[in-house]
Every structure is written in structure tokens, then in C-alpha cells.
Amino acid sequence: MYYGMIAVYYVMIVNILYFTIMALSYRNIGTIYRRSKYSNYNTLSGSELVPPVSLLVPAFNEELTISENVNCLLTLNYPTYEVIVINDGSSDNTVDVLIKEFRLKKMPNPEFRGTIDTQEIRGVYHNPDYPSLFVIDKENGGKADSLNAGINLSHYPLISSIDADSLLEKDALIRMARMYMENPEEMVAIGGDVRIANGCLIENGAVQKVSLPRKIWPMFQSIEYMKAFLGGRIGWSHMNGLIIVSGAFGLFRKDYVIAVGGYRGGYPGEDMNIIIKLHRYMLSHKIPYKVAFCPEAVCWTQAPDTYKIISNQRKRWGRGNLKNMIENRGMLFNPKYKVMGMITMPYNVLFETLNPYFRITGLLALVGYTLLDMTHWRILLTFFLLNFLSGYLLSVGAIILEEIAFRRYKKLSDLWKMLLFSALKFFGYHQLGVLWRVQGHIQYLQNNNSWGTMTRQSWSEESKTA
């Protein structure tokens, strides 16, 4: 009975913390709304004062989407930038597609400015007709290694990491740049909002019509992403306690990324790892800094639409989270690291990494007590209902934030669909998430660092289902 009460108190504390973070998001939503609706980004997009950016696009077996993605990136509303695609030893025709599409030629003596160690570079391709496009072909070394190779070649002081299966809105980068220009001395990293493109109408490398996914797996992920980004990261950013900038879309100061040794390879979770390293470096050197979240800068990504692919993805995330927490355990409750050490890291360990074990064992304890007639079944039912209600309200809270500030989903039927799936995800999908995280931890203990199969379909094929 004692352990069952611990589980109940644990769930209560988790939900209190979740609602506190959500409250911080609501506290900032007015500012975000005004910044999103009334800032004149068009003026900035032609200004010479906007800092130039190097867009780094790691690509592994992305032949179906890479051409459209690069064409999209080459037409952003931004004054000065370059696109560096890094082919990470693909076994498909990723490089050939790019060479043919953009008539690229191998550069005889490419100049690498950085000195971060990477796998062997096979060649760098370029075409003067596309002066802002470079393609690096290298031996396979993983996403972190690819980003480091891109950093070494990059020409500009800001770098932006973008997944090869993602599409940026035309003004996404300039919106990020505006936030950076408000405080360039302290801003070391900015994360963008990642949304699910499944179900959207995509033409010429851009989202032309926003719609919710039709398939069940992407639909659950759409709700999940909305809750995580709008309901969570806005609040963490307010405290300067953001622990992750999504690998799908982020902006960084290159000098500080190089100062911390670049991205850490060898295991998944490089997007969380680089942010933790930046926090550690800035705090250890007592340099004022800010890691921020820009929800109006939107990146659209293809979500896994089968059980096998999404389970592989979530297991990988579980492995990356656990390894990052173990390797950075010295930050836990360490006042030297301020918000990161005293709030963010303990929160992540206790209420993210260990969350599945408290939930599973607590549930088993309560069910056992009920079967042994040590507690009343009404207590168990009340526990389930409160747990469901709190989780549902958090999802609804994120939907309300979306409706207040952005309203990208215009149809009333979309709103009802989001509300419905916010409830349905607690009947199977939520439990699978717990299972996948535990399986990811087991894989970590088995030294399994595989990326897992992530099959894609072309954007045109995706749009046919919209």
C-alpha cells in the first residue's frame, strides 16, 4: 500500500510540474502572438544587417525528398545564406539525384575552415549557377558527424541544422534571425517549431494547404508535437532551461558550437547533447547566454506512419535521453549550473527518463492491492480518471495556445479531430510510448546504437493522401 501511495504522489507531482510549465507558456503567448502577427519580417528579409546563415542538411538515403527540400531551402526569404547538404554515405542515389538536379561538379580544392574531426570526405560538389549550394559526400558516420562536416565547410557565423525530410516555411529563418538580433551577444541557440506535414498539400517544396494527417500514427504525433513544443518549450525557454533544440530545425552561433567540440557522435540524441554542452560551457565560463524557442518559425516534417518505424524512432529517443542523463549526471542538483542543474536536469531524470518505471510499477502495485482487497476499486478508478483528465487538459491547453496565437488549422472539423485524438491517445498510444522508452533503455544497456529503419515517401506521394 505504501508503494502505491508513492506512485500516486509521483503522478500528482508530475502533473503539477507539467501545468506549471504550461502556465509559463500561457504567460508568454501574448508576446508571441504580437511578434508573430505584427512584426515586419519583409523589411528584414532585404536588410544587410541580418547575419548570414549556413544551413546544414544531413542526408542519409533521402533520394525521394532531397530534391524538393533543397529547392525549398534555396527560395527562403532571407538575404544571405548558403545550403550545405551532407550526404552521410547513403546507399541509395541521394548524391546522384542532387548532382543531376543542380548540375553539380566536384570541386578540386574545397576549403574547410573548421577542424572538427569527421569521417573521410569523398568530395564536395558545387555549381556556380547555384552559388549558395554545396554538397558534401562523405563516409557514413552518423548525423552528428555529418553536421560537424558541414560546420567545417561553412562560411558564415550562424549555422542552422535542418533535417533532410523537413520543409521550412519561407519566413521561418528570418523569424529566427529577428529573435537572434534582439540579443546577439547572449543568444547561443534558438529552436523552431516542428509540425507534422503528413496530410498537408505540398507543391514545389512548400506547404500550400495545412491539414491534419489522415493516418492514425501521424495524427497522434501531431497532437504530441503540439503539446511538447507549444505547451512545453515556450515555458522552458522562459526560464532559460530548454534542454533540447530539435534536430529538425535549430539556429546556433557557430563559434560556441566549435568551442564545445561540435556535435557528439556515436549515439542518438545529438540534438539534446549539443544543448547540454552549450549550457555547461556558458555556465562554467560564467558567460551570460540564452537558449530560446521561436514558435512562429515553423518547420514541417514527415512523421513515421507505421508501427515499426515510429517504435524504432521512439526507442532511439529513449536511448539518447538515457545516455545524455548518465553522461551529464554531474549537473544534477549542482547550483553551479543554475536552472539547468537545479530544475531542468532533475526534472528530466525524475519525470522523463524514469517516468515509465514509476508508472508501470505504480500501476501494478495499485492493481495488486485491489486484487488482494487491500484497497477499494474506486480508488483505482479515481486514479485512472485523474491521470487521464490531467493529461487530456494538458493536450487541450496546447491546442488552445495554437488557436490563440497561430490558428494554422482553419476548419472546425480539425479542432474536433484534435480534441478527439487528444483523448484517444491515452488508450493505447500513451502506453506504447512507455513501452518504447523502456525498450530503448534496454537497447542502451545492450550497447545498441543503431539508427533504425526510417523509410520516406516523396512529397508528391505524401500530398496524394491529403
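Counting from 1, the numbers follow the sequence of the chain as shown.
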Only one of Leu168, Val85, Leu167 clears side chain to side chain contact (heavy atoms under 4.5 Å, CB included) with Leu73; which? Leu168

Would you say the side chain of Val57 lies within less than 4.5 Å of the side chain of Val70, judging by non-hydrogen atoms? no

Between the NZ atom in Lys410 and the OG atom in Ser211, the distance rounded to the nearest 0.5 Å is 12.0 Å

Any pair counted as ring pair (Phe, Tyr, Trp, His ring centres under 6.0 Å), so long as it reaches residues 397-416, sequence neighbours left out: none

Side-chain contact test, heavy atoms from C-beta onward, threshold under 4.5 Å: evaluate it for Met219 versus Ile223 and give yes or no. yes

Test your reading of the model: is there a side-chain donor-acceptor pair from His279 to the backbone of Leu242, 3.5 Å cut-off? yes

Between Asn273 and Asn324, is there a side-chain donor-acceptor contact under 3.5 Å, judged purely by atom types and distance? yes

Output yes when a side-chain donor or acceptor of Thr344 lies under 3.5 Å from a complementary backbone atom of Ile243, and no otherwise. no

Ile234 versus His238: any side-chain heavy-atom pair under 4.5 Å? no

Does any non-hydrogen side-chain atom of Trp236 lie less than 4.5 Å from one of Leu24? no

Can you give me the closest heavy-atom contact between Met176 and Gly192, atom names plus distance? CE-N, 3.0 Å

Does one side chain, of Ser154 or Lys254, offer a donor that lies under 3.5 Å from an acceptor on the other? yes

Taking the side chain as every heavy atom from C-beta outward, state whether Gln439 and Ser311 have any atom pair closer than 4.5 Å. no

Look only at the side chain of Asn240 and the backbone of Tyr289, and say whether a donor-acceptor pair between them is shorter than 3.5 Å. yes

Do the side chain of Asn198 and the main chain of Ala303 share a donor and acceptor less than 3.5 angstrom apart? yes

I need the minimum non-hydrogen distance between Met179 and Met187, along with the two atoms involved. O-CE, 3.7 Å

Working to the nearest 0.5 Å, report the span between CE of Met331 and CZ of Arg280. 5.5 Å

From Phe249 atom CZ to Thr301 atom OG1, the distance as rounded to the nearest 0.5 Å: 12.5 Å

Between the side chain of Lys290 and the main-chain N/O of Glu185, is any donor-acceptor distance below 3.5 Å? no

How far apart are the closest heavy atoms of Pro304 and Ile309, and which atoms are they? CB-CG2, 3.5 Å

Minimum-distance pair of heavy atoms, taken over all atoms of Ser246 and Val194: OG-CG2, 3.7 Å

Less than 4.0 Å between a side-chain N and a carboxylate O, is that true for Arg264 and Glu327? yes

Quick check for you: to the nearest 0.5 Å, what is the distance between Phe229 atom CZ and Glu402 atom CD? 13.5 Å

If only atom types and distance count, is the side chain of Ser422 paired as donor or acceptor with the main-chain N or O of Tyr392 below 3.5 Å? no

What's the shortest heavy-atom distance between Ile84 and Gly150, and which atoms? CD1-O, 3.8 Å

Ring pair (Phe, Tyr, Trp, His ring centres under 6.0 Å) involving Tyr26 - partner list, sequence neighbours excluded: none

I'd like to know if the side chain of Ser222 reaches the main chain of Pro218, judged simply by a donor and an acceptor atom lying under 3.5 Å from each other, with no hydrogens or angles considered. no

Roughly how far, to the nearest 0.5 Å, is the CD1 atom of Ile174 from the CG atom of Leu76? 10.0 Å

Over 60° means perpendicular and under 30° means parallel, so tell me whether Phe220 and Phe421 are parallel, tilted or perpendicular. perpendicular

Any carboxylate oxygen within less than 4.0 angstrom of a Lys/Arg side-chain nitrogen, looking at Glu224 and Arg314? yes

Quick check: do Pro268 and Trp317 have side-chain heavy atoms less than 4.5 Å from each other? no

Taking 4.0 angstrom as the limit, do Lys143 and Asp163 come out as a salt bridge? yes

Salt bridge (charged side-chain N to carboxylate O under 4.0 Å, His left out) partners for Arg253, two or more places apart: Asp255

Go through Gln221 and Gln313 one step at a time and tell me if the side chain to side chain contact (heavy atoms under 4.5 Å, CB included) criterion holds. CA-CA 12 Å; Gln221 292 168 85; Gln313 181 193 65; 3.9 Å; yes

Taking the side chain as every heavy atom from C-beta outward, state whether Phe252 and Ile275 have any atom pair closer than 4.5 Å. yes

Near-ring test Trp436/Tyr307, centroid separation under 6.0 angstrom: yes

Could you go step by step and tell me if Ser395 and Met418 meet the side chain to side chain contact (heavy atoms under 4.5 Å, CB included) rule? CA-CA 9 Å; Ser395 294; Met418 287 188 288; over 6 Å; no

Exam field: side chain Thr353 to backbone Leu322, donor-acceptor pair closer than 3.5 Å: no

Closest contact, heavy atoms only, Val438 versus Pro356: CG2-CB, 3.6 Å

Flag side-chain contact, heavy atom, 4.5 Å: Lys417 against Lys411: no

When you measure from the side chain of Asn312 to the backbone N and O of Lys308, does any donor-acceptor pair fall under 3.5 Å? yes

Between Val210 and Trp300, does the side chain to side chain contact (heavy atoms under 4.5 Å, CB included) criterion hold? Intermediate values first, please. CA-CA 10 Å; Val210 175; Trp300 295 89; 3.7 Å; yes

Approximate separation, where rounding is to 0.5 Å, of Gln431 CD and Phe426 CZ: 9.0 Å

Go through it in stages, so that I can follow the logic: the residues are Arg195 and Cys200, the test is side chain to side chain contact (heavy atoms under 4.5 Å, CB included), and I'd like the CA-CA distance, side-chain angles, deciding distance and then a yes or no. CA-CA 11 Å; Arg195 292 177 179 254; Cys200 295; over 6 Å; no

Assert yes or no for the condition that the ring centre distance of Phe351 to Phe358 is strictly below 6.0 Å. no

Hey, is the main chain of Ala59 close enough, under 3.5 Å, to the side chain of Asp88 for a donor-acceptor pair? no

Please state whether the rings of Phe427 and Phe388 are parallel, tilted or perpendicular, taking 30° and 60° as the class boundaries. tilted

